[in-house]
Amino acid sequence: MEALLKAGLPVASSCNGDGVCAKCKVMIIEGNENLSPPNETEAFLQEKNSLPNTTRISCQVQILGPIKVDTTYW
Ligand code: FES
């Protein structure tokens with residue numbers, strides 16, 4: 001989420017990155033291997049919202065290398 005905002009891209013959120021709303025989810029198009037594994041908060045939100053493992057909660061995930069993402073509202 002921080003990287004997206006720094007790049008000037010809008011990120012949906014109603015919890016300001018506290019790991020509650022899941023609105024900041026992004027679809028990973030490329031580079032899934034360059035992301036940290038889901039933490040406990042992200043795993044909970046993925047399960048609660050029935051998200052595939054290629055959809056990540058951007059305020060919780062760490063970027064470790066190049067990735068390409070998309071959202072439904074860009
Ligand atoms: S901004 Fe709410 S869960 Fe990420």
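Note that ligands are numbered from 1 as they come in the structure, with each ligand's atoms numbered from 1 the same way. Computed from a prediction, not measured in an experiment: that's the story for all the values here. Heavy atoms only: backbone and side chains are in, while hydrogens, waters and symmetry mates are out.
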Asks: Looking at every non-hydrogen atom in both residues, tell me the closest pair between Cys59 and Cys24 and how far apart they are.
Replies: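 Of all heavy-atom pairs spanning Cys59 and Cys24, the closest is N-SG, 3.5 Å.
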Asks: Would you indicate whether Glu47, at its atom CD, is surrounded by more than 12 heavy atoms from other residues, nucleotides or ligands within a distance under 6.0 Å?
Replies: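 12 or below, so no.
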Asks: Taking 4.0 angstrom as the limit and counting only heavy atoms of Cys15, give me the atoms of ligand 1 inside it, by number and element.
Replies: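 Checking each atom against Cys15, I get 1 (S), 2 (Fe), 3 (S).
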Asks: Just how far is it from atom NZ of Lys23 to atom CG of Asn16, taken to the nearest 0.5 Å?
Replies: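 Result: 11.0 Å between the selected atoms.
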Asks: Please list the nearest protein heavy atom to atom 3 (S) of ligand 1 with its residue and the distance rounded to 0.1 Å.
Replies: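 Residue, atom and distance for the closest contact: Ala22 N, 3.2 Å.
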Asks: Within the 4.0 Å heavy-atom shell around Cys21, which atoms of ligand 1 are there?
Replies: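 Selected atoms, number and element: 1 (S), 2 (Fe), 3 (S).
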Asks: Could you give the distance from NZ (Lys25) to CD (Gln60), rounded to the nearest 0.5 Å?
Replies: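 Interatomic distance, Lys25 NZ to Gln60 CD, rounded to 0.5 Å: 14.5 Å.
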Asks: State the atoms of ligand 1, each with its element, that fall below the 4.0 Å cut-off from a heavy-atom position in Ser13.
Replies: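 In order of numbering, the contacting atoms are 1 (S).
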Asks: In terms of atom number and element, which parts of ligand 1 are under 4.0 angstrom from non-hydrogen atoms of Gly17?
Replies: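 Near Gly17, meaning under 4.0 Å from one of its heavy atoms, ligand 1 has 1 (S).
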Asks: Could you tell me whether Val20 approaches ligand 1 through its side chain, its backbone, both or neither, with non-hydrogen atoms closer than 4.0 Å?
Replies: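 The part of Val20 near ligand 1 is the backbone, not the side chain.
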Asks: Number the atoms of ligand 1 from 1 as they appear, then name those within less than 4.0 Å of a heavy atom of Cys59, with their elements.
Replies: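 Numbered from 1, ligand 1 contributes 1 (S), 3 (S), 4 (Fe).
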Asks: State whether Cys24 contributes an N/O/S atom found under 2.8 Å from atom 4 (Fe) of ligand 1.
Replies: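 True for Cys24.
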Asks: Flag yes if Leu9 and Met1 sit in one hydrophobic cluster, no otherwise; membership is Ile, Leu, Val, Met, Phe, Trp, Tyr, and two members link when side-chain heavy atoms are under 4.5 Å apart.
Replies: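 Hydrophobic grouping puts Leu9 with Met1.
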Asks: Please report the interatomic distance CG(Leu35) to CD1(Ile63), rounded to the nearest 0.5 Å.
Replies: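 Rounded to the nearest 0.5 Å, the CG-CD1 separation comes out at 6.5 Å.
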Asks: Identify, by atom number and element, the atoms of ligand 1 in contact range of Gly19, meaning under 4.0 Å from any of its heavy atoms.
Replies: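 Those atoms are 3 (S).
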Asks: Which distance, rounded to the nearest 0.5 Å, do you find between the CD of Glu33 and the CD1 of Ile28?
Replies: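 One finds 10.5 Å between CD of Glu33 and CD1 of Ile28.
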